[in-house]
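Sequence positions, counted from 1, serve as the residue numbers for this chain. Remember, predicted model here, so these are calculated numbers, not experimental data. Just so it is clear, the values below take in all heavy atoms, side chains as well, and ignore hydrogens, waters and symmetry mates.
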Amino acid sequence: MKPSPQPEFAFRLDPHSGVPVYRQLIDQVQAAIATSALRTGDQLPTVRRVAVDLAINPNTVSRAYREMELRGILDTQQGTGSFVADNQIKHTPAERRRQLAQLVTEFVARAGSAGFTIRDLEQALHQLSPETPKP
């Protein structure tokens, strides 16, 4: 029996978030990698496909893909496509703790300004985690 193919990754935009579109695309890829929705070697939709699906300028998608490539998140192969890179950067435990503290502080501050509580955030994080059983 063949394994069922993984559903293709699809972007979504929130026009009311105040976050630039290219940044939303990058954030979604990083979140998908963090939750294992995207794995090393998975192919992202083409720039043209994303631009058409979201009704945005292809240059915006190109900017996001180019930035992700520069950060080592994506490998782009001319004529083949863009794939989740295998070369994730390794950091020392102290650097990882510092980065996590910074991300959590920013996350909590943004969520708090939108009216969310720490409990709201905990529940949302548990729902995203592939290891946590859903209630």
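- Residues L13 and L25 meet the side-chain proximity criterion, which asks for heavy atoms closer than 4.5 Å.
- Residues F9 and P45 share a closest heavy-atom pair of O-CG, 3.4 Å.
- Atom CZ of residue R39 and atom CG of residue D86 lie 13.5 Å apart, to the nearest 0.5 angstrom.
- Counting only heavy atoms from C-beta outward, the side chains of L44 and V50 never approach each other to under 4.5 Å.
- Hydrophobic cluster membership is shared by V108 and L100, with clusters built from Ile, Leu, Val, Met, Phe, Trp and Tyr side chains linked at under 4.5 angstrom.
- Between E67 and R23, some side-chain heavy-atom pair lies under the 4.5 Å cut-off.
- Within the 3.5 Å criterion, the main-chain N or O of S82 finds no donor-acceptor partner in the side chain of E69.
- Dense packing is recorded around CZ of F83, with more than 12 heavy atoms of other residues, nucleotides or ligands lying under 6.0 Å away.
- By the 4.5 Å heavy-atom criterion applied to side chains, I33 and V29 are counted as neighbours.
- Between atom OH of residue Y22 and atom CZ of residue R66 there is a gap of 11.0 Å, rounded to the nearest 0.5 Å.
- One finds no salt bridge joining E106 and R110 here, because no Lys/Arg side-chain nitrogen approaches an Asp/Glu carboxylate oxygen to under 4.0 Å.
- With contacts defined as side-chain heavy-atom distances shorter than 4.5 Å, the pair F107/L125 qualifies.
- Here OG1 of T35 is found 12.0 Å from CD of Q30. Values are rounded to the nearest 0.5 Å.
- Between Q24 and F11 there is no side-chain heavy-atom pair separated by less than 4.5 Å.
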Next item on the list: Just do the salt bridge (charged side-chain N to carboxylate O under 4.0 Å, His left out) check on R119 and E122 with the steps written out, would you?
Entry: CA-CA 5 Å; R119 183 73 184 134; E122 287 174 342; 3.3 Å; yes
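- In this structure, R12 CZ and D53 CG are separated by 13.0 Å, a value rounded to the nearest 0.5 Å.
- In this structure, the separation between CE on M68 and CD1 on I73 is 6.5 Å, given to the nearest 0.5 Å.
- Clustering ILVMFWY residues whenever any of their side-chain heavy atoms sit less than 4.5 angstrom apart, transitively, puts L121 in the very cluster that holds V104.
- Taking both residues in full, the closest heavy atoms of G72 and A85 are given as O-CB, 3.2 Å, listed atom of the first, atom of the second, then distance.
- Heavy atoms from other residues, nucleotides or ligands lying under 6.0 Å from CZ of R48 number 12 at most.
- With no hydrogens or angles considered, no side-chain donor-acceptor pair links S62 and N59 at under 3.5 Å.
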